[in-house]
Amino acid sequence: MNIFDIIGPIMIGPSSSHTAGVVRIAKITSKLLGETIVKAKVYFSGSFTTTYKGHGSDKAVMGGLLGYNADDIRIRDSKNEFIKRKTDISFDTEDLSEYHPNTVKIEVTGESGKRISVIGCSVGGGSILIRRINQYEVQFDATYNTLIIPHNDISGLIAFVARVIAEHQINIANMKVFRSERGGKAIMIIETDQLIGKEIINQLQSNSNIFEITYLEPIE
Amino acid sequence: MSNFDSIKDLVEIADQENVKLSDIILRLQAKELGISEEQLLERMRITYHEMVLSLENAVKNDKKSLSGLTGGDANKLFEAIKTKRSVLPEFISKIIARALATGELNACMGKIVAMPTAGACGIVPAVLLTVKEENSIDEDVALQGLITAGGIGLVIANKASISGAKGGCQAECGSAASMAAAAMTKMLGGTNEMVANAAALAMKNQLGLVCDPVAGLVEVPCIKRNVGGAMIAIAAAEMSLAGIKSVIPVDEVIWAMKNVGDQMSVNLKESAKGGLAATKTGKEITENFIKSY
Ligand code: SF4
């Protein structure tokens, strides 16, 4: 924690965990999809189930899916923007308390038919933890520059990724690999202090055992 | 070196070097964040301007909250001030009205700066900006006040908590009151020790305050509790600037806040199962609110 966690964040109210944190989870979901959303399904768990409307958590999800930051005043009108764009969205509840008392699951479908499902926890003060992406149980808080690399779980791949990043003088702060099943597919989460350029991403993406990479800059 | 786990240590370092507490906080935090002091100061200036803007918007705001439960109270007091019907000195009435206004802006999805949380976002701005205005204080000194508040809040967060769910409202409005008292004392020329004392005196007056939001929303009692926090903050600063000391040192008061929070029932920590949330009216509001879903 630092001084800007105390004097801040600058955010749209009323609740750092029920509003600001939710915007962030939804924004990451839309980045992972990487294309225009045509359909979204949202499942609130824990204390969200009874307070999500009063805290504007529904608008917070829509704002995040539209790519807004937690301090973007347009969050208030995000519902109208969804109606205008004719994006189909529904809200429901589901017990996800095994993750955290304040958890949300967001499933989105893009115009190409691509689907992404994310489970995120709002852990307090607007901080978040992403706990699931599609079939992968993951764990990252999006406070670093983060590379999300789904890949075939084969030997040598991790070394390849580490080498490409090191060649560009980027220091890896954390590297985690999450498998769905042995020898199947896995997801690699790489966190760095420095920005990661397009070049690096393109070079990684050229490996045929790597699927679509998502790059997240530290959340605002 | 300080890891922001003792206000006494920070004051000692500052006094040894014969500088302000805010200088030490600035230096240590810049180092921690890996940026220069100038960069930190600039970032803090941006936050400060957001706070000013937020208060301006709060004063103009006439919206009801999303739940429809709150809104419009600050305007009643602003109106009373304008028409000379308010009974307290204007400096105090203004702080009350501004604390309410910011809390109300937060409840209707306005843009605010959480200090340290969204629920308690009205306390520091109301005190700091009104003190600045009444005493024609420079923006740079107000910034030092804000940094002082941040340093105090950081120690509280590290040693106790700033979350209602963890420590009750004493951790949110109590921390904000301590921060505001420290900022005000700094801005009015108090010594480093006086700043620490003001923080202690404010927190002592908030110990035991429970978190009992009706229907789980950041509205009742949160908005009006910003007023209590602000009033305690200015009283604490007033006492400290006059040389009155807290018998229990500030770091021990923070320890006590944690101790009280740990012993507090979970029903009184944001779960909306006790206190005002559990009153007859509180429950009725909750039922009606859930029905509207
Ligand atoms: S009552 Fe609870 S939610 Fe409301 S301001 Fe206090 S700590 Fe925050």
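Naming: A, B, ... by sequence-line order, numbering from 1 per chain.
For A/Asp193, no part sits under 4.5 Å from any heavy atom of chain B, backbone or side chain. Of the two parts of A/Ser15, the backbone and the side chain both hold a non-hydrogen atom closer than 4.5 Å to a non-hydrogen atom of chain B. Neither the backbone nor the side chain of B/Thr117 comes within contact range of chain A; no heavy atom of the residue lies under 4.5 Å from a heavy atom of that chain. For a residue to count as touching a neighbouring chain, one of its non-hydrogen atoms must lie under 4.5 Å from one of that chain's; by this rule B/Ile147 touches chain A with backbone and side chain alike. Interface remark: B/Ile152 contributes no atoms to any contact with chain A (heavy atom separation under 4.5 Å). Only the side chain of A/Ile73 comes within contact range of chain B, with heavy atoms under 4.5 Å apart. Only the backbone of B/Cys108 comes within contact range of chain A, judged by heavy atoms closer than 4.5 Å. Both the backbone and the side chain of B/Leu154 come within less than 4.5 Å of a heavy atom of chain A. Contacts of B/Leu146 with chain A are made by both backbone and side-chain atoms, with heavy-atom separations under 4.5 Å. Using a 4.5 Å cut-off between heavy atoms, B/Met51 makes no contact with chain A at all.
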Show your working on side-chain contact (heavy atoms from CB on, under 4.5 Å) between A/Ile7 and B/Tyr48 and close with a plain yes or no.
CA-CA 9 Å; A/Ile7 307 293; B/Tyr48 173 84; over 6 Å; no
Please assess B/Met115 against A/Ile6 for the test side-chain contact (heavy atoms from CB on, under 4.5 Å), listing each intermediate value before the final yes or no.
CA-CA 6 Å; B/Met115 281 192 232; A/Ile6 306 292; over 6 Å; no
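Atom CG of residue B/Leu66 and atom CZ of residue A/Arg76 lie 9.0 Å apart, to the nearest 0.5 angstrom. For the atom pair B/Phe4 CZ and A/Asn2 CG, the distance stands at 10.0 Å (nearest 0.5 Å). Annotation: the span from A/Ile10 atom CD1 to B/Lys111 atom NZ amounts to 7.0 Å, rounded to 0.5 Å.
Among A/Ala70, A/Gly56, A/Gly125, A/Ser17, the residue with the largest count of heavy-atom pairs under 4.5 Å with chain B is A/Gly56. With chain A as partner, the option from B/Lys166, B/Arg43, B/Glu50 having the largest number of non-hydrogen pairs under 4.5 angstrom is B/Arg43. For the options B/Thr286, B/Leu217, B/Val218, heavy-atom pairs under 4.5 Å to chain A are most numerous at B/Leu217. Ranked by heavy-atom pairs under 4.5 Å with chain A, the list B/Cys222, B/Pro116, B/Ser67 is led by B/Pro116.
Between B/Ala118 and A/Met11, the closest heavy-atom pair is CB-CE, 3.8 Å. Considering all non-hydrogen atoms of both residues, A/Phe4 and B/Leu40 come closest at CZ-O, 3.9 Å.
Within a 6.0 Å sphere centred on NZ of A/Lys176, heavy atoms belonging to other residues, nucleotides or ligands number more than 12. Counting non-hydrogen atoms of other residues, nucleotides and ligands closer than 6.0 Å to CD of A/Glu167 gives a total above 12. Counting heavy-atom neighbours within 6.0 Å of B/Lys64 NZ, excluding the residue itself, gives a total above 12. At most 12 non-hydrogen atoms from other residues, nucleotides or ligands lie less than 6.0 angstrom from CD of A/Glu212. Residue A/Lys114 places its NZ atom among more than 12 non-hydrogen atoms of other residues, nucleotides or ligands, all under 6.0 Å distant.
Here the side chain of B/Gln29 pairs a donor or acceptor atom with the backbone of A/Ile3 at under 3.5 angstrom.
Counting heavy atoms from C-beta outward, A/Thr50 and B/Phe289 have side chains that stay 4.5 Å or more apart.
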